Number of protein chains: 4
Amino acid sequence: MSDHRQGPVRSEAARVAVLDATSRLFAVKGYDHFTMEGVAAEAGVSKQTIYRWWSSKGELIAESLLEGRLFPDQFVPLETGDIHRDLSSWLHRIFALAEEPQGEFLVRSLIAAAAENADVGRRLNEQLGATDSLTERLQKAVDANQLRADAPLQEIGEALVGAVIMRALSRTPTDGPVIERLVSVVLGFSSASQPVR
Amino acid sequence: MSDHRQGPVRSEAARVAVLDATSRLFAVKGYDHFTMEGVAAEAGVSKQTIYRWWSSKGELIAESLLEGRLFPDQFVPLETGDIHRDLSSWLHRIFALAEEPQGEFLVRSLIAAAAENADVGRRLNEQLGATDSLTERLQKAVDANQLRADAPLQEIGEALVGAVIMRALSRTPTDGPVIERLVSVVLGFSSASQPVR
Amino acid sequence: MSDHRQGPVRSEAARVAVLDATSRLFAVKGYDHFTMEGVAAEAGVSKQTIYRWWSSKGELIAESLLEGRLFPDQFVPLETGDIHRDLSSWLHRIFALAEEPQGEFLVRSLIAAAAENADVGRRLNEQLGATDSLTERLQKAVDANQLRADAPLQEIGEALVGAVIMRALSRTPTDGPVIERLVSVVLGFSSASQPVR
Amino acid sequence: MSDHRQGPVRSEAARVAVLDATSRLFAVKGYDHFTMEGVAAEAGVSKQTIYRWWSSKGELIAESLLEGRLFPDQFVPLETGDIHRDLSSWLHRIFALAEEPQGEFLVRSLIAAAAENADVGRRLNEQLGATDSLTERLQKAVDANQLRADAPLQEIGEALVGAVIMRALSRTPTDGPVIERLVSVVLGFSSASQPVR
DNA sequence: TTTTAACCGAGACGGTACGTCTTGTCTTATA
DNA sequence: TATAAGACAAGACGTACCGTCTCGGTTAAAA
């Protein structure tokens, strides 16, 4: 008695070819001119092979995203000891991606993909570090007494990444001073006229 | 001498029928199952009439958005004198839209539309009040000495609306306490452990 | 009491412009790429003006044909006294039209128009002379005792013009000897091995 | 080594359904109200399947014609030994088709199709027997000394079929005596008053 | 060694939607 | 009231992809 499957095993070559084609075409075409037929042709693979392993274009993009094929970095914040500086440099790196012409296109394509597909949304969230690595960095700032113990770390990250997305969607260019102000806002250095309450 | 054009004038009935059909179908179908053929059929209008006046589905959606046909309110913040309370209630209203099942769908559809089409992005930005009415309310808070004179009002709005979008994209539900924390973050009441610098 | 009609009278300029445009476009486009909109634009006339006076493109073409705007000649047979020679030269003229590249196209377009529209069919028949002028010429041959008194003149004409059409439809080129043989066939000089009956 | 192609083979069911729909619709609609969309719907086939195999409506009609789906018979002349009787009966059969109301419509539709499309023209020529079977029958008449050895057989056929087409185009009804006269004309029994030359 | 289940490429299939084109009618303002 | 301009509803055009399915060929574990 056995539950071993028979037959050949999944072709790694096909899998890699599909993901390669996905990242190449997603960068060039964006989300909605990205087609399954295009991927099949570009990868030299049959459509059935794609649909056997990925049920939709969202899933394909989500997996490419997870494997870091859609943009290079992990966007892990630095740890110089200065939380303001570290958040600024982290945000600079993200905006740098979003500002270069093909990067802006990529970011909007990712947003479109996330809007259509829940997995892409979650993966994008993770990939931008808005969950783990950023929260860890903020926790260290709390430990170093640079942030209040009850600072809402999760919401700080969301507000920052959210601002990036807002600016991408409204096609508003972003420069250094804007980034500084954003970091100041969420770190609370510059808004309240007095520490009320 | 005359520069009057000849011929029939644009049919207001057709224009209204198209925009009505657009808002109805956009709410039901979302961005990418929203089709020009569907709009034409629903509006009882020929496709050519649509393409004569709107060059793409993005333009159609942008105009519906601008006319307030896609969601009801203008999302103008209240003015009770308490900026924290007013921002909270404003954000509650936005999240209330985003949290009801068809509202979440609408928000994601709008994000998808904004990602594909620059006009939709800009209009969405305006419509959510992230530009004018919100900034005006914040300015009043500055005048009332509730915010520092150099508080970056624009960035505060972007961070808040951005957070809404982040949560919509990552399918994270939002409750009252989260909203309170978000407002606290951007108003600077709760993050910095001491007013450094 | 008066029976004078009121208002402006039919514009002869518009009528001529339409028929001019018709012949020009029919020659260039052929029957089924010939469009009412094209005629209106080419003539500098509104579509309504065309539809007011001609109910269909067939009627338009029929009238152009009748006015001799689609091909120049009337194709009236000569009268040298030699019926064989006269029919040959008449057929040569018709084939000359049908053989030059744009002429072949014109002939096929006319056939298409005739197939769709009864008026065009009748007018084309008349214009090619298959009814009146050819029959007259044949009658003179009867009078001159070159043809039998009971020769079916109508059918002779039809057979000749029909052969032209057959060759146009099957894209078979035609040369001098073929024409000679056609004339011989219908004049009965070369078929019957003996004058039976 | 193998030259077998991979993948599914062309569906004979789809091919037959398309050609069936073609003949049915062509008979009902005629050439220019015959639409590819109509064929696809009638055949229960997608438009793409039609365009995959036939590049135009002309090609579709030509193939239907070739397969004998547009009119039943091959129009092969009989061989009773009497060439005049055989041609008459052959022409009677053709005119019988062209005279019944839907037949006249069919003939004109075929002429329109032939005028637009070279293949249809050639196929129609073949199908009416004007090339092979008729010429063979005439050759037998030559062998039987009923026609002169140098009778232009090809031209005789063209003149006869051409006359059918002329009458269809000019909407002239045809009766038995007309057919007799046509046959007499091309067989040379009744035209020349004397066997000149 | 044979069988057999699952893989693979190729690509045909029924569909939906695209954006364009043409038809014939209707509307407006001018002459 | 005839006209030019042109908006309109209707619907066909040919193209691009969708997701499913079928075909032959290949591979590797199970029998």
Side-chain angles (χ1 to χ4, degrees), chain A residues 1-2 4-11 13-14 32-41 43-53 55-57, chain B residues 2 4-11 13-15 32-38 40-41 43-53 55-57, chain C residues 5-11 13-14 32-38 40-41 43-53 55-57, chain D residues 2 4-11 13-15 17 32-41 43-53 55-57:
Chain A
M1 172 244 160
S2 160
H4 294 332
R5 40 179 296 324
Q6 274 178 325
V9 93
R10 175 173 186 181
S11 159
D32 76 343
H33 298 105
F34 172 92
T35 68
M36 298 300 251
E37 299 220 321
V39 173
V45 140
S46 78
K47 282 200 289 177
Q48 191 56 53
T49 296
I50 300 180
Y51 282 106
R52 186 165 13 242
W53 303 109
S55 67
S56 64
K57 69 187 211 181
Chain B
S2 162
H4 294 330
R5 39 170 256 77
Q6 274 178 324
V9 94
R10 177 174 184 180
S11 160
R15 186 183 153 272
D32 75 342
H33 297 105
F34 172 92
T35 68
M36 297 302 249
E37 300 221 320
V45 140
S46 78
K47 282 200 290 177
Q48 191 56 52
T49 295
I50 300 181
Y51 283 107
R52 184 165 15 244
W53 302 110
S55 67
S56 64
K57 65 190 217 178
Chain C
R5 25 176 264 77
Q6 282 175 324
V9 95
R10 176 173 186 181
S11 158
D32 75 343
H33 298 105
F34 172 91
T35 68
M36 297 301 251
E37 298 222 320
V45 140
S46 77
K47 282 199 292 174
Q48 193 54 53
T49 297
I50 300 180
Y51 282 107
R52 188 167 6 246
W53 303 110
S55 68
S56 65
K57 67 190 218 179
Chain D
S2 161
H4 295 330
R5 38 170 257 80
Q6 277 177 322
V9 95
R10 176 171 187 182
S11 159
R15 185 182 154 274
D32 76 342
H33 298 106
F34 172 92
T35 69
M36 297 303 248
E37 301 221 321
V39 174
V45 141
S46 78
K47 280 200 291 176
Q48 192 55 51
T49 296
I50 300 180
Y51 282 108
R52 183 157 25 237
W53 301 110
S55 66
S56 64
K57 66 190 215 178

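Proteins get letters first, then strands, A, B, ... in listed order; numbering begins at 1 in each. If you're wondering where the values come from, they're calculated on a predicted model, not measured in any experiment.
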Next item on the list: Please tell me if the side chains of C:R52 and C:T49 come closer than 4.5 Å, counting only heavy atoms from C-beta onward.
Entry: yes
Next item on the list: Would you kindly give the NE2-to-P distance between C:H33 and E:dT23, to the nearest whole Å?
Entry: 11 Å
Check: Given E:dA12, E:dG9, F:dT3, which nucleotide is nearest the side-chain atoms of A:T49?
Finding: E:dG9
Next item on the list: Answer yes or no: does a side-chain N or O of D:W53 lie under 4.0 Å from OP1 or OP2 of E:dA12?
Entry: no
Check: Between A:V9 and D:S46, who's closer to the 5' end of DNA chain E by nearest nucleotide?
Finding: A:V9
Item checked: Nearest-Å distance for atom pair CZ/P, residues A:F34 and F:dC17 -> 12 Å
Next item on the list: Check whether any side-chain nitrogen or oxygen of A:R52 sits under 4.0 Å from OP1 or OP2 of E:dC8, and answer yes or no.
Entry: yes
Next item on the list: Would you mind reporting whether D:W53 and D:R15 have side-chain heavy atoms less than 4.5 Å apart?
Entry: no
Check: Under 3.5 Å, is there an N or O donor on one side and an acceptor on the other linking the side chain of A:K47 and the base of F:dG19?
Finding: yes
Check: CG of A:D32 versus P of F:dC18: gap in Å, rounded?
Finding: 11 Å
Next item on the list: Nearest whole angstrom, please: distance from the P of F:dA9 to the CD1 of B:I50.
Entry: 9 Å
Next item on the list: For C:S56 and C:M36, work out which heavy atoms get closest and say how close.
Entry: C-CE, 3.9 Å
Margin query: Regarding D:G44, tell me which of base, sugar-phosphate or nothing describes its non-hydrogen contacts under 4.0 Å with the strands shown.
Written below: sugar-phosphate
Check: Rounded to whole angstroms, how far apart are NZ on A:K57 and C1' on F:dC17?
Finding: 10 Å
Margin query: Rounded to whole Å, please give me the gap between OH in A:Y51 and P in E:dG11.
Written below: 18 Å
Item checked: Smallest separation among heavy atoms of A:S46 and A:A40, with atom names -> C-CB, 4.3 Å
Next item on the list: Output the single nucleotide from F:dT27, F:dG14, F:dG6 whose closest atom is nearest the side chain of D:M36.
Entry: F:dG14
Note to self: Base of E:dC8, side chain of A:Q48 - is there a donor-acceptor contact under 3.5 Å?
What the structure shows: no
Margin query: Here's a test of your reading of the structure: between B:G7 and B:A14, which maps to the more 5' nucleotide of DNA chain F?
Written below: B:G7
Notebook entry, point to check: Are D:D32 and C:D32 close enough that some pair of their side-chain heavy atoms sits under 4.5 Å apart?
Noted result: no
Next item on the list: Rounded off to whole Å, could you give me the CD-to-P distance for the A:E37 and F:dA16 pair?
Entry: 10 Å
